[in-house]
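Predicted model, so just to flag it, every value in this text is computed and none were measured. Both counts, for ligands and for their atoms, begin at 1 and track the order of listing.
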Amino acid sequence: MDKAILERARQENRTLLTEVESKQVLENAGISIVKAKLATSATEAVAISKAMGFPVVLKIASPDIVHKSDIGGVKVGLQNATQVKKAYSEIMAVVKEKEPKAKIHGVSVQPMAKPGVEVIIGMTKDAQFGPVIMFGLGGILVEILKDVSFRIVPLEKKDAREMIRDIKGYPVLEGYRGQPPSDVAALEDMIMKVSAFVEKNPEIKELDLNPVFAYNKGAVAVDARVVLEPDAIK
Ligand code: ADP
Ligand code: MG
């Protein structure tokens with residue numbers, strides 16, 4: 001776990017890491033993420049966007065806001081500096097209106113990832129079994145159909161392999177109606193890395209990669225959320 005990130009969480013007395021912080025610790029663990037950089041002004045957001053290349057995505061970076069898009073805190077497909085500036089001020093305005101007490105770090109700037117099959121990889125701690133990894137297909141399938149599978153940490157390769165194939169929606173990953181198959185090996189690899197990461201960092205209480213975009217070649221976490229154990233910030 002990154003010392004500076006832990007220290008800032010401690011100082012601010014919070015267990016939720018922002019997306020920018022979460023992605024940084026995950027990247028250090030070798031997990032494939034869409035890079036996100038923190039901007040603290042519209043001008044800085046534009047400069048980062050130009051360096052990354054358009055289109056970009058802007059998201060509110062606040063340890064008090066868990067569901068960023070629910071309040072209008074995510075703007076995707078921004079094509080130029082004018083759109084980035086406008087998105088920055090719109091995000092700040094909507095947050096001020098809907099979450100006036102939220103502590104704001106700034107805005108997360110990141111490249112727009114090309115669309116893929118959306119999956120979710122998560123970790124929660126079970127009272128009996130300790131850390132468990134969850135896998136499911138993204139969006140509506142997880143939320144309404146609860147089409148997910150679980151395995152206990154530490155996972156073996158065979159667990160990662162099986163848990164992906166266990167979900168009812170697995171055929172979606174095999175490709176259908178001319179859609180190319182998703183890179184299931186890359187998802188297995190990501191699950192194994194998450195398992196190793198949470199095993200090595202018991203101060204993590206919860207972890208959510210939601211969504212991960214699975215491609216014909218590779219997979220990448222588009223959003224990430226890490227929650228620390230209360231003891232970790234004492
Ligand atoms: P939250 O889950 O906090 O509402 P997300 O970061 O998951 O916010 O963003 C909401 C949605 O926006 C994602 O499910 C995804 O469809 C889209 N999205 C977010 N970031 C990107 C990105 N970098 N590239 C492409 N689409 C993105
Ligand atoms: Mg999300």
Please could you name the atoms of ligand 1 that [X] approaches to less than 4.0 Å, counting only its heavy atoms?
X: Asn210; result: 7 (O)
X: Met112; result: 24 (N), 25 (C)
X: Val222; result: 18 (N), 19 (C), 20 (N), 21 (C), 22 (C), 27 (C)
X: Gln110; result: 20 (N), 23 (N)
X: Pro211; result: 7 (O), 13 (C), 14 (O)

Determine which of the N, O or S atoms in Asp223 is closest to the Mg ion (ligand 2) and give its atom name.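 In Asp223, the N, O or S atom with the shortest distance to the Mg ion (ligand 2) is OD2.
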
Could you check Lys68, Glu19, Lys59 and say which one makes a side chain to side chain donor-acceptor pair (under 3.5 Å) with Ser108?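 Of the listed options, the one satisfying the test is Glu19.
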
[Y] and [X], any side-chain heavy atoms less than 4.5 Å apart:
X: Met1; Y: Glu203; value: yes
X: Leu187; Y: Phe135; value: yes
X: Lys234; Y: Arg10; value: no
X: Met163; Y: Met134; value: no

Please confirm whether Ala36 approaches ligand 1 to less than 4.0 Å, judged on its heavy atoms.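 No, Ala36 has no heavy atom closer than 4.0 Å to ligand 1.
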
Quick one: does Val66 get a heavy atom under 4.0 Å from ligand 1?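 Contact present.
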
Nearest heavy-atom pair of Leu137 and Ile120: which atoms, and what distance?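 Shortest heavy-atom contact: O-CD1, 4.4 Å.
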
Please write down residue, atom name and distance for the protein heavy atom closest to [atom].
atom: atom 4 (O) of ligand 1; answer: Ser69 OG, 2.4 Å
atom: atom 16 (O) of ligand 1; answer: Glu118 OE2, 3.7 Å
atom: atom 24 (N) of ligand 1; answer: Ala113 N, 2.8 Å

Right, does atom 11 (C) of ligand 1 have protein non-hydrogen atoms nearer than 4.0 Å?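 False for atom 11 (C) of ligand 1.
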
Determine, for Asp166 against Arg151, whether the closest basic-nitrogen to carboxylate-oxygen distance falls under 4.0 angstrom.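 Looking at Arg151 together with Asp166, the answer is yes, because their closest N to O distance falls below 4.0 Å.
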
Less than 4.0 angstrom from a charged side-chain N to a carboxylate O is my criterion; do Lys125 and Glu206 meet it?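 A salt bridge is absent here (no side-chain N lies under 4.0 Å from a carboxylate O).
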
Quick one: which of Val109, Asp223, Val76, Ile33 has a heavy atom closest to atom 17 (C) of ligand 1?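 Heavy atom nearest to atom 17 (C) of ligand 1 belongs to Val76.
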
Residue selection (non-hydrogen contact nearest atom 6 (O) of ligand 1) among Lys114, Lys59, Arg225: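 The option holding the nearest heavy atom is Lys59.
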
Under-4.0 Å heavy-atom contact with ligand 1, by part of Pro111 that carries it: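 The answer is the backbone.
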
Close N or O approach (Val74, ligand 1; < 3.5 Å):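 The answer is no, given that Val74 and ligand 1 share no N or O pair closer than 3.5 Å.
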
I want to know if ligand 1 touches Val57 in the polar sense, i.e. an N/O pair below 3.5 angstrom.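 Between Val57 and ligand 1, no N or O pair is found under 3.5 Å apart.
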
Could you go step by step and tell me if Lys3 and Glu7 meet the salt bridge (Lys or Arg N to Asp or Glu O under 4.0 Å) rule? CA-CA 6 Å; Lys3 288 268 170 355; Glu7 192 45 45; over 6 Å; no

Could you confirm whether Ser69 has any N/O/S atom lying under 2.8 Å from the Mg ion (ligand 2)?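 No, outside the cut-off.
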
Can a donor-acceptor pair be found between the side chains of Lys75 and Gln83 at a distance below 3.5 Å?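 Judged by distance alone, the side chains do not pair up.
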
Evaluate Phe197 against Leu26 for side-chain contact (heavy atoms from CB on, under 4.5 Å), listing each step before the verdict. CA-CA 8 Å; Phe197 173 65; Leu26 291 163; 3.9 Å; yes

